[in-house]
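One structure below.
Below, chains carry the letters A, B, ... as their sequence lines are ordered, and counting in each starts from 1. Since the structure is predicted, the reported quantities are computational estimates derived from the model, not experimental observations.
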Number of protein chains: 2
Amino acid sequence: MSTTGDPKKSLYEQLARLGKAAASPARLELLDLLCQGPRTVEGLANEAGLSVANASQHLRVLHGARLVEGEKNGLFVTYRLADPAVGDFFQTLRALGEKRLAEVDAILREFREAPESLEAIEKETLLNRVKKGEIILIDVRPAEEYRAGHIPFAMSVPLKELRSHFPKLRRRQPIVAYCRGPYCVLAVEAVKQLRAKGFRAARMDDGIAEWRARGLPVAVSEVSK
Amino acid sequence: MSTTGDPKKSLYEQLARLGKAAASPARLELLDLLCQGPRTVEGLANEAGLSVANASQHLRVLHGARLVEGEKNGLFVTYRLADPAVGDFFQTLRALGEKRLAEVDAILREFREAPESLEAIEKETLLNRVKKGEIILIDVRPAEEYRAGHIPFAMSVPLKELRSHFPKLRRRQPIVAYCRGPYCVLAVEAVKQLRAKGFRAARMDDGIAEWRARGLPVAVSEVSK
DNA sequence: AAACTATTCAATAGTATCCTTGAATAGTTT
DNA sequence: AAACTATTCAAGGATACTATTGAATAGTTT
């Protein structure tokens, strides 16, 4: 048995279980997606570009490391992070990557210096201005993710439905879009489309995970099923 | 080339480099040791119970993930953490393990409920009482680690030299011992020995890394070489 | 320069991980 | 109950990782 050996050794063995869970790009992508909110296996597989069987297998590994939990609802199994601390861990991993791996920095620049140059928004004042109605804050992720958690006062405008909202928007009113976080292209694309139509749009590169990590409030709209 | 592919994919690939580095018990132990301060390859190999070649190989992997850096001084190569953020990452990993893995919790209990039951010391008041001289705070790690960073007002009493300090100590004066952190046995052993001799000894389970993580001051005694 | 030392390199065998494929399970709908 | 669906399980070959061994490198001492 492993617990009968040197306790010090077996401790590192246990911690290595977490490291191993984080040792695969596919699993990290799944974790990132799950940081946005619960999802079914098929949903995760599609978004991460994995076969369903493969995604299921990776999820089982993550479950083995106690990082995610699955709950069977009828025909579907919905996975979610087992603990908010898992999100913190992922954030720390990402922060470390940004700080230490030049490659990550290069990839991020590729994102951020995308087509239109994207202004950074001051998060401190953002929420107040949104409250006052000076700024419209839109959440361009799929509605499902919006429901699982979003920034207060943000309205849900999934990227796919963005065009249908154009008539409602005033051209002079500043719009700020956000999505899953710094690596997500949804808000980049939304800003591009809005600007193309003459709107004053900017992107906030933080997602829900970053927002929560700052200790800022997160709203949830639970729908009775 | 990996950078020519989907940037999103390659991002997770890069982050997985960090996960892979943390996927081996041996490397985690090396990281833990390096959180205490710089060390040579041989020193690390001895303390972790690895062959020198094996330790060197693992260090090369850690270096490949930009987590540690080595500097050649004459015949020796001294490794250190590449960035304090690496320490944060390790702390987060450990915290996650404590929170999510029942096995880690069990191992920790095995440590803490060791021979003598060890009182928890209130860290808030500890430093003040040490300043006033009410408590003697001893650092029972090797002198080398003490020099690399220690709690202010602590005196260096490596476990091996503990016996030689007995005559200097008063039997009534409370002694608090600390070492590398919650998983390290040095302070446990020190307290055992002190109590066996009739001293009033307790263990603080925080080490330098935890201390620093709380934002508390750390002293360094740099010796000209 | 020769002997010695700390570290790294290179090759190897054993083991674990990864993704794919096809079948099995559990639950739903018809 | 039969057909269907989402998920998991099981087996396989390809690949990667780990620890060991012995040799090579770089620097020191004699």
Inset, instruction - Check every atom of dT8(D), dT20(D), dA6(D) against the side chain of E42(A) and return the nucleotide holding the closest atom. - result: dA6(D)
Inset, instruction - For H165(B), look at atom NE2 and say whether over 12 heavy atoms of other residues, nucleotides or ligands are found less than 6.0 Å away. - result: yes
Inset, instruction - For the side chain of V52(A), starting at C-beta, report the closest nucleotide among dT20(D), dC18(C), dT7(D). - result: dT7(D)
Inset, instruction - Let me know the distance between CD of E69(B) and C1' of dT7(C), rounded to the nearest Å. - result: 18 Å
Legend entry - N or O in side chain of H58(B) less than 4.0 angstrom from dA19(D) OP1/OP2: yes
Legend entry - Closest heavy-atom pair and its distance - L34(B), L59(B): CD1-CD2, 4.2 Å
Inset, instruction - Using both distances under 3.5 Å as the test, list the Watson-Crick or G-U wobble partner of dA16(C), or none. - result: dT15(D)
Legend entry - Nucleotide dA24(D), atom C1' - distance to CZ of R60(B) in whole Å: 15 Å
Inset, instruction - Output the single nucleotide from dT7(D), dT20(C), dC18(C) whose closest atom is nearest the side chain of T40(A). - result: dT7(D)
Legend entry - Minimum-distance nucleotide (side-chain atoms of V77(A) versus dA26(D), dT7(D), dT17(C)): dT7(D)
Legend entry - Selected nucleotide, minimal atom distance to A53(A) side chain, candidates dA11(C), dT21(C), dT7(D): dT21(C)
Inset, instruction - Searching all strands shown, indicate the nucleotide that pairs with dT21(D) (Watson-Crick or G-U wobble; both distances under 3.5 Å). - result: dA10(C)
Inset, instruction - Would you mind reading off the distance between E71(B) atom CD and dG27(D) atom P, rounded to a whole angstrom? - result: 13 Å
Inset, instruction - Please name the pair of heavy atoms, one in L30(A) and one in L44(A), separated by the smallest distance, quoted to 0.1 Å. - result: CD2-CB, 3.8 Å
Inset, instruction - Could you pick out which residue, F76(A) or G74(B), lies toward the 5' side of DNA chain D when each is mapped onto its nearest nucleotide? - result: F76(A)
Inset, instruction - Report the residue (A26(A) or G43(B)) whose heavy-atom-nearest nucleotide on DNA chain C is the more 5′ of the two. - result: G43(B)
Legend entry - Shortest non-hydrogen contact between K20(A) and A23(B), atoms and distance: CE-O, 3.2 Å
Inset, instruction - State whether R27(A) places a side-chain N or O below 4.0 Å from either non-bridging phosphate oxygen (OP1 or OP2) of dT17(C). - result: no
Inset, instruction - Please state how far atom CG in L50(B) lies from atom P in dT20(D), giving the value in whole angstrom units. - result: 8 Å
Inset, instruction - Using atom CG of N54(A) as one end and atom C1' of dT7(D) as the other, report the distance to the nearest whole Å. - result: 14 Å
Inset, instruction - Check V140(B) against A190(B) and note the closest heavy-atom contact, atom names and distance. - result: CG1-CB, 3.8 Å
Legend entry - Under 3.5 Å donor-acceptor pair, Q57(A) side-chain atoms to dT17(C) base atoms: no
Inset, instruction - Write down the distance between CG (N73(B)) and C1' (dG27(D)), rounded to a whole number of angstrom. - result: 12 Å
Inset, instruction - Could you let me know what dT30(C) is paired to, Watson-Crick or G-U wobble, both distances under 3.5 Å, or none if it's on its own? - result: dA1(D)
Legend entry - Closest approach of L31(B) to L81(B) (non-hydrogen atoms, all atoms of both residues): CD2-CD2, 3.9 Å
Legend entry - Nucleotide nearest S56(B) (side chain, heavy atoms from C-beta), chosen from dT8(C), dA19(D), dC19(C): dT8(C)
Inset, instruction - Quickly work out the L62(A) CG to dT8(D) C1' distance and round it to whole Å. - result: 15 Å
Inset, instruction - Send over the distance from L75(A) CG to dT28(C) C1', rounded to a whole Å. - result: 6 Å
Inset, instruction - Can you figure out which of dA19(D), dT8(D), dC17(D) approaches the side chain of Y79(A) most closely? - result: dT8(D)
Legend entry - From dT18(D), dT8(C), dT20(D), nucleotide with atom closest to S24(B) side chain: dT18(D)
Legend entry - V41(A) side chain, from C-beta outward: closest of dA26(D), dT7(D), dA6(C): dT7(D)
